[in-house]
Amino acid sequence: MNLESPLDSLKGIGEKTKHLFETAGIETVGDLLTYYPRAYERYEEPASIQDLPQDEIVTIQGMLTTPIVNRYYGGKCISTTACSDGSGEVLLTWYNMPYQKNSLRTGVTYIFRGRTKKKGKRLLIEQAAVFHEEQYEALTTTLQPVYSLTKGMTVRMVQKAVKQVLASLQPSALASENRDAQDTAALNNNTTYADYLPEELRNRYHLCSWAEAVSQMHFPDSFDSLQTAHRRLAFDEFFFFLLHLQNLREHREQETHSFHIRAKGAADRLIASLPYELTGAQKKVWADLLRELQGEKVMVRLIQGDVGSGKTILAVLALLTVAENGYQGALMAPTEVLAAQHYDSICRLLEQSGLPYKALLLTGSMTAKQKREAYAQMESGEVSIVIGTHALIQEKAVYHALALVITDEQHRFGVRQREMLAQKGSTPHTIVMSATPIPRTLAVILYGDLDISVLNEMPANRLPIKNCVVGPSWRPKAWDFIEKQVQLGHQAYVICPMVEESDLVDAENVMEYTENIRKALPAEIHVEYLHGRMKPLEKNEVMGRFLRNEIQVLVSTTVVEVGVNVPNATVMLIENADRFGLAQLHQLRGRVGRGDAQSYCIFLHSGKSSEIAERLDILNHSNDGFEIAAKDLQLRGPGELFGVRQSGLMNFRLADVYMDADVLQLANEAVTKIIAEDPELSLPEHREMKAIYQRQKNRQSGQISL
Ligand code: ADP
Ligand code: MG
């Protein structure tokens, strides 16, 4: 048996279990082993009932004050009692667990664990888990894995199967040299596996073995050993990702193209027609782009610049230069709203500068007929500039002469999507634009397949955004402030975390909020809402009206987060700001301060803990995306962040670009060294490495397709 073997080669896994596992994507023994817990719980010491917070998972220790009463409503049973620890009392209820009545007695001390809820003036815990003292004590000293389970699966099922495999794990590094040994291993029903990392490398980078790491992920001995395991597996993930990047880079460095592109004046004419002067950084990056467009090699370049640094105009300049040479250029955005906005501003720029090129918008929400027409114009070469969403890379999209592909807010797109788009032409030039706050040292590694240009300068007319971090009592003042700004001719955004009211989450929602603020503001101020569940057409329509200042106050979810540009908006009010990550808040704030008027960002938090205010205060003092990300990391510390995705910007399974930045550097060092010594991975000690890499590549969707 090896990691590729089907699940039913394990003992005790019948058809039913096999099927359950399959629905969770577990098909082989290897899948099972790498079905890592999504989090770990450590059971905390019981808290005193009088201090219990509301709406949090708590543990209490006490005795039932009354015997359990079962009541039946339409076939459903509700069991009720109360628990006291001397300091206070909480209500306990269970649904459809009538047997609790017989299993729990008054006069015996139990431990209950569950989420608190307010019920009138009292606190209630529903469906509490029940433990005896000794039982619970054992739990407080260990980390409990939490798996993502699909219906019917249980933790026990996963752990039992994993345990069986772990017990039979046998390294096959030697066995693969020797067929007999492998056969013997198979006879013994051992699971053979190979640690692709030679011991020498493991020692050099202080990494534990793969088997040890996997075992600790499922059954951690301690927080330390879990971290060690995580480090090793994060290394693996980075390692194969970087190996893939090296491959891509090498591949493209050999690529030449047959485009003849020369600057013939269109870009200069557009620059001359702009109401502003390009910043020094924009001029420098434009020079990079122009040089490469005119060069012999295929360009693959990342433009990295904080929100508002003016990336769009560079895209337009490049698209125009391609167009004036008779080729086509495509600009792909992650959302319809953003694509429509780019389309509008490009049309305006074309008009304003009197340039004769035709642009076209192509999005998923267009009717089949509209799309057909668009495709026809692309194929005939009638349009030179195509702007859109994913629709740009769908099979039906055929280009006449595609020479340049630009993707905006690149971290939302996968490398694969980029590759697909590139296949639409004879290897067109590629530009990706991103505001992702990554320090340059990491960007150089993570975008190793790209050349990088940095826009490190903001347009000069920008006044720094004024920020404030306040509690909910400040809301009326914030609304007054919005009213005043609107009277000065400006516009405002209000961000709420939720679309509609929810029983589960206590946070502001767009629908109710819109009604409330509408009532509070004078009737001539037009308030509208925007959220992700609206149809793309409706969203575009609302954004269009906001852009034309027909709407003054836009209440929205985070759908406006990426790239939206309404320079006349000067207020960003973020409700429940504590529910968002700092990087996201920074992106949201980037929606204002885009014109020459003073802009304001108000972070309104739920006002519970001082820690939240402290964290938000980072935003108060910095407008720099890189710095914010770094400080956020510092303030939270690795313990708290364990298993929490800080960046979420690259889809690694376990690794996190920020938190595992040191491991990323090591993996990069290792890959660079190995490739220098053995570019084809043909040495015997790299055989397993190569096999794993090939397997991952064939799986495509897996770990390396970022
Ligand atoms: P981002 O880099 O976040 O994509 P945009 O390209 O949307 O930023 O630019 C933000 C705003 O700044 C736009 O309204 C744009 O017209 C304006 N802008 C771009 N470059 C300059 C400049 N050099 N001087 C003044 N305003 C500029
Ligand atoms: Mg942008």
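For reference, positions follow the sequence shown, starting with 1. Both ligands and their constituent atoms are indexed starting at 1 by order of listing. Predicted model only: the values in this text are computed from it and were never measured.
Atom-to-atom distance recorded for T389:OG1 and L331:CG is 11.0 Å, nearest 0.5 angstrom. With rounding to the nearest 0.5 Å, the separation of CD in E457 from OG1 in T279 is 4.5 Å. L290 contributes atom CG, which lies 11.5 Å from atom CG of L314 (distance to the nearest 0.5 angstrom). To the nearest 0.5 angstrom, Y399 atom OH is 3.5 Å from M378 atom CE.
Between E508 and R475 a salt bridge is recorded (basic side-chain N to carboxylate O distance below 4.0 Å). Comment: K539 does not engage E336 in a salt bridge, judged by the lack of any side-chain N to carboxylate O separation of less than 4.0 angstrom.
Taking every non-hydrogen atom of T312 and a distance limit under 4.0 Å, the qualifying atoms of ligand 1 come out as 4 (O), 5 (P), 6 (O), 7 (O). Residue S309 approaches ligand 1 through these ligand atoms, each under 4.0 Å from one of its heavy atoms: 2 (O). Near T279, the atoms of ligand 1 lying under 4.0 angstrom from a non-hydrogen atom of the residue are 23 (N). Listed by number with element, the atoms of ligand 1 under 4.0 angstrom from any heavy atom of E277 are 22 (C), 23 (N), 24 (N). Here is the list of ligand 1 atoms found below 4.0 Å of a heavy atom in P567: 14 (O). Counting the atoms of ligand 1 from 1 in the order shown, those under 4.0 Å from a heavy atom of L278 are 23 (N).
Taking distance alone, with nitrogen or oxygen atoms compared against 3.5 Å, G310 approaches ligand 1 more closely than that limit. Polar contact check, P459 against ligand 1: no nitrogen or oxygen pair lies under 3.5 Å apart.
Between Y513 and Y529, the ring center distance fails the sub-6.0 Å criterion.
For G305, the heavy-atom gap to ligand 1 stays at 4.0 angstrom or more. Taking 4.0 Å as the cut-off, R462 counts as a neighbour of ligand 1 on heavy-atom distance.
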